[in-house]
Amino acid sequence: MTGFKVALKLHCFCDMEQACRTFADANHKPLHMAKDIQSRNFSDGTYCCSAHGEYHAFPEQTDVYVYCFPCEPWSMKGNRLGFRDGAGSVVWQAMRTVQALKPGIFFIQTVTTIGSLSSSGVRKSRKSDLDIICKKMHTKLPGYRLLFLKHVDPTNMGYPARRYLVALVGCRDDLISTVALTT
């Protein structure tokens, strides 16, 4: 098999950058658009839609949740403060979103340097921020099989960037076996 096509209907696209929202709207036509991942209310299951200027309920079923958190807290182009950077903490909001939506599959990606940087400020710390994220995912997302991918090449997905990424893929236990996820 050389490949297959998957048709997805994008429910909501969320990004702080207007240029990214414009790109998503032009290319993917999401039903809703959000400016801030922090504008989610998990107690009543709603999120703020900037396109409609109102709160909408979380979708009843989510097959795939994709989250690309800000690279700057871990990138050479940023301050490399990790979780101590305000943008670095949004990864926890994404994890809370996975808990609330319970998607069949989630895909989270960022820069490879997250695997070598520790926000603890302690040089002797052997745990990278990626180690911390993975440990919390195992604790906070029971019922998911997790797969860690190194050196993901975005050009394989049609993006022009030639910088390698890391990805965490999770699949609900009721949908797939560990063997199928790792092959």
N/O donor to acceptor pairs below 3.5 angstrom from side-chain atoms of residues 18-26, sequence neighbours left out:
unit_1, atom_1, unit_2, atom_2, d
Gln18, OE1, Arg21, NH2, 2.6
Gln18, NE2, Thr22, OG1, 2.9
Arg21, NH1, Asp15, O, 2.7
Arg21, NH1, Met16, O, 2.9
Thr22, OG1, Gln18, O, 3.0

Under 3.5 Å, sequence neighbours excluded: what are the donor-acceptor pairs made by side chains of residues 134-143?
unit_1, atom_1, unit_2, atom_2, d
Thr139, OG1, Lys135, O, 3.1

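Tyr67 and Leu31 sit in two unconnected hydrophobic clusters of ILVMFWY residues. Membership requires side-chain heavy atoms under 4.5 Å apart, directly or through other members. Following chains of ILVMFWY side-chain contacts shorter than 4.5 Å, one cannot reach Tyr164 starting from Phe69, and the two form parts of different hydrophobic clusters.
Residue Ile108 holds its CD1 atom at 6.5 Å from CE of Met95, rounded to the nearest 0.5 Å. Rounded to the nearest 0.5 angstrom, Arg40 CZ and Cys14 SG are separated by 5.0 Å. Taking NE2 of His11 as the start and NE2 of His32 as the end, the distance is 4.5 Å to the nearest 0.5 Å. The line from CZ of Phe83 to CD1 of Ile133 is 4.0 Å long, rounded to the nearest 0.5 Å. With values rounded to the nearest 0.5 angstrom, Leu149 atom CG is found 8.0 Å from Leu168 atom CG. Between the CD1 atom of Ile105 and the OG1 atom of Thr62 there is a distance of 12.5 Å, given to the nearest 0.5 Å.
Partners of Asp174 under the salt bridge (Lys or Arg N to Asp or Glu O under 4.0 Å) rule, at least two apart in sequence or in another chain, are Arg172. The side chain to side chain donor-acceptor pair (under 3.5 Å) test applied to Ser50 returns no partner, not counting sequence neighbours.
With side-chain heavy atoms closer than 4.5 Å counting as contact, directly or through intermediates, Tyr55 stands alone and belongs to no larger hydrophobic cluster. Within the hydrophobic cluster formed by Ile, Leu, Val, Met, Phe, Trp and Tyr side chains joined at under 4.5 Å, directly or through other members, Leu10 is accompanied by Phe13, Met33.
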Between Lys102 and Tyr65, is a side chain to side chain contact (heavy atoms under 4.5 Å, CB included) present by the stated rule, with each step listed?
CA-CA 9 Å; Lys102 296 177 182 50; Tyr65 177 71; over 6 Å; no

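Ring geometry, Tyr47 versus His56: the interplanar angle falls from 30° to 60°, so the pair is classed tilted.
Scanning all heavy atoms of the two residues, the minimum distance from Leu175 to Gly104 falls at CD1-CA, 3.3 Å. Gly86 and Ser89 get closest at one heavy-atom pair: O-OG, 2.9 Å. Across Val90 and Pro70, no two heavy atoms sit closer than the pair CG2-CD, 3.4 Å. When all heavy atoms of Pro103 and Val98 are compared, the closest pair comes out as CD-O, 3.5 Å. Between Thr46 and Phe58, the shortest heavy-atom contact is O-CE2, 3.4 Å. For the residue pair Ser43 and Asn41, the shortest heavy atom distance occurs at OG-OD1, 2.7 Å.
The only option from Asp85, Thr110, Asp129, Thr112 that meets the side chain to side chain donor-acceptor pair (under 3.5 Å) definition with Trp74 turns out to be Asp129.
A 6.0 Å sphere centred on CD of Glu60 holds no more than 12 heavy atoms belonging to other residues, nucleotides or ligands.
Contact of the Val111 side chain with the Met76 side chain is not registered, since no non-hydrogen atoms from C-beta on lie closer than 4.5 Å.
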